[in-house]
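Take a look at the structure set out below.
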Number of protein chains: 2
Amino acid sequence: MTRSDTAKSRPRGGLADKRRAILTGALTVFARDGYTRASIDAIAAEAGVSTRTVYNHFTDKAELFQSVIQESANRAAEAQIAVIDRHFHKITDLEQDLIEFGIAWATPMTAEHAKHFALVRQINADAGHIPKEAIDAWQQAGPQRVRRELADRIRQLADRGLLRGDDPERTAIHLVLLVSDVEPSYSAITPTEEEITEMVTAGVRAFLHGHARDS
Amino acid sequence: MTRSDTAKSRPRGGLADKRRAILTGALTVFARDGYTRASIDAIAAEAGVSTRTVYNHFTDKAELFQSVIQESANRAAEAQIAVIDRHFHKITDLEQDLIEFGIAWATPMTAEHAKHFALVRQINADAGHIPKEAIDAWQQAGPQRVRRELADRIRQLADRGLLRGDDPERTAIHLVLLVSDVEPSYSAITPTEEEITEMVTAGVRAFLHGHARDS
DNA sequence: TAATAATTGCCATGCACGTTGTATTGTAGC
DNA sequence: GCTACAATACAACGTGCATGGCAATTATTA
């Protein structure tokens, strides 16, 4: 009685894109439960697919996980780079444009991307039990790629004399830190649009001028 | 043959402080393996204690975990508040003293405190499977308490005219973000003392003056 | 040293889960 | 409709693990 009631709509048909369904379901379950807790049965159910089919597409739970984090990294990186490109193309009023960038950066947190960040937390916690090659590949496809992109944009702003030009990599890190929310989703409180704006504004001001009195 | 060879030195005696031994061992194992992966047997072995004794002191794996994170939060908070008190007492040269504070803040990362931060990552990842009360208690005993302490110190600096006085809570968050290392221990690379100094210096400069050209 | 409490070893139970084999069935293209 | 192949249902195996029960053993205390 535990098998047939978990899968609500299994029309039993639909060949072909099972693999994508599995990856999507696995993302959901891995992000929610973590690697060890996540059971293949739960993933299969979430994907609307038989357990056996999962093993038909992926040899291992481990390989499935690595595929999931790789795809997650790629998708998230695409999205974030899109945000970067969109907002750094037309910088005229530095502070105002950075604030708009920060809002766009911090806002998508509310929808589908929440899963990606939950997965990132799982990776951070489980890093000691994930093969180093997988971690490296993930880092390179995700965070590092985005950071390099942002650093390039910052370098361009420095060339235009709008920012200091020393160590654009670290400057990029600082910017991202200051416009991102702390507290990853405890108590499931979604910050309002106003709170995001306020946080981002404060972050951008700190990024540009710092907190010293005389600045 | 799996039971007797894991515990190397079990002199079989030594009543009394078993509870502390269990807590310490549990911290090690939980921090390394996470809640689900961590087995009671592994914890008992790490603590040099029989499996049965664990259940003699704690009813559940869950209760043991909550005790561990609570103690971890308390210890880490004490240590961090000590660092805050030590460095914010004698602020004369703001930038130089903040840099020294940041170095002291980021350096202990190398020893015993690594476990605490690994545990924090586990909590962040597993938050959805930990009772809300436990999360709240942990937050209050740990991060929130430290942040409030730091905010108080920042408020005092603002009163002395050294920092802007708007929203000291967020200012505290910004300071901590900027002097902390990103990348939680992938590839087990321990940053050198020089690297820490460089990162902290850049962070404090950004905290005080920002990255804008004209500042 | 006697009595009380804590610790241990060992066994046992029950469950959840990864993984595989196999026979069956649905689907796509001829 | 027939064939080749993917998907499924079902069952089964092995394992790891949380948890509990005793009885023997050791430490603490009076």
Side-chain angles (χ1 to χ4, degrees), chain A residues 1-26 28-30 32-68 122 126 129-131, chain B residues 1-26 29-30 32-68 126 129-131:
Chain A
M1 43 182 72
T2 31
R3 295 162 224 113
S4 46
D5 57 351
T6 43
K8 17 196 166 178
S9 64
R10 185 122 34 108
R12 212 178 207 169
L15 183 66
D17 38 18
K18 297 289 182 184
R19 191 190 173 89
R20 169 127 284 111
I22 295 173
L23 282 171
T24 320
T28 302
V29 178
F30 278 137
R32 166 163 32 88
D33 296 343
Y35 180 78
T36 319
R37 252 193 185 87
S39 76
I40 301 286
D41 284 5
I43 293 173
E46 182 73 33
V49 153
S50 132
T51 305
R52 204 63 185 69
T53 307
V54 176
Y55 284 98
N56 214 336
H57 286 270
F58 303 90
T59 71
D60 250 347
K61 192 185 178 184
E63 195 217 306
L64 173 58
F65 184 69
Q66 296 185 17
S67 303
V68 168
Q122 301 292 348
D126 251 38
H129 298 90
I130 304 175
Chain B
M1 45 180 71
T2 32
R3 296 161 225 113
S4 46
D5 57 351
T6 43
K8 18 198 165 174
S9 65
R10 185 122 35 107
R12 211 177 207 169
L15 180 64
D17 39 16
K18 298 289 183 183
R19 191 190 174 89
R20 170 127 282 111
I22 294 173
L23 282 171
T24 320
V29 178
F30 278 137
R32 166 164 31 87
D33 296 343
Y35 179 79
T36 318
R37 253 193 185 86
S39 76
I40 300 287
D41 284 5
I43 293 174
E46 182 72 33
V49 154
S50 134
T51 304
R52 207 62 188 72
T53 307
V54 175
Y55 283 98
N56 213 337
H57 286 270
F58 304 90
T59 71
D60 250 348
K61 193 184 177 184
E63 195 217 307
L64 173 59
F65 184 69
Q66 295 184 18
S67 302
V68 169
D126 251 38
H129 298 89
I130 304 174

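A note on names: the letters A, B, ... follow the listed sequences, proteins ahead of strands, and every chain is numbered from 1. Not measured: the values here are computed from a predicted model.
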Proximity to the side chain of A/Val49 - top-ranked nucleotide from C/dT19, D/dT8, C/dT7:
D/dT8
May I ask you to say what B/Ala62 touches in the nucleic acid, namely base, sugar-phosphate or nothing, with a heavy-atom cut-off under 4.0 Å?
nothing
Which nucleotide wins on minimum distance to the side chain of A/Lys61, given the candidates C/dT7, D/dA18, C/dT19?
C/dT19
Name the nucleic acid region contacted by B/Asp60, choosing base, sugar-phosphate or nothing; use a 4.0 angstrom heavy-atom cut-off, strictly under.
sugar-phosphate
Nearest of D/dC17, C/dT8, D/dT8 to any side-chain atom of A/Ser50?
D/dT8
If you define the side chain from C-beta out and look only at heavy atoms, does anything of B/Ile43 sit under 4.5 Å from B/Val49?
no
Closest approach to the side chain of B/Thr53, judged atom by atom: which nucleotide of C/dT19, D/dT8, C/dT8 is it?
C/dT8
To the nearest angstrom, how far is A/Phe30 atom CZ from C/dC17 atom C1'?
13 Å
For A/Ala42, is there any backbone N or O sitting under 3.5 Å from a side-chain donor or acceptor partner on A/Glu46?
no
Across the strands shown, which category fits A/Ala42 at heavy-atom distances under 4.0 angstrom: base, sugar-phosphate, nothing?
nothing
Donor-acceptor pair (no angle test) under 3.5 Å: A/Arg52 side chain, C/dG21 base
yes
Length of the line joining A/Ile43:CD1 and C/dC17:P, which is rounded to integer Å
11 Å
If the plane angle is over 60° it's perpendicular, under 30° parallel, otherwise tilted; pick one for A/Tyr35 and A/Phe65.
perpendicular
Expressed in angstrom and rounded to an integer, what is the separation of B/Phe58 atom CZ from C/dA6 atom P?
14 Å
Does a nitrogen or oxygen in the side chain of B/Lys18 sit under 4.0 Å from OP1 or OP2 of C/dT8?
yes
Find the distance B/Asp41:CG to C/dC10:P and express it as a whole number of Å.
13 Å
Less than 4.5 Å apart, any side-chain heavy atom of B/Gln66 and any of B/Pro131?
yes
Strictly distance-based, threshold 3.5 Å: is any side-chain N or O of A/Lys18 a donor or acceptor partner for the main-chain N or O of A/Ala47?
no
Just how far, in rounded Å, is P of C/dG18 from CD of A/Glu63?
15 Å
Just how far, in rounded Å, is P of D/dA27 from CG of B/Asn56?
16 Å
Can you check the B/His57 NE2 to D/dG20 C1' distance for me, whole Å?
17 Å
Listed nucleotide nearest any side-chain atom of A/Tyr55, set C/dT7, C/dT20, D/dG20:
C/dT20
Rounded distance (Å) that lies between atom P of C/dC17 and atom CZ of B/Arg37
15 Å
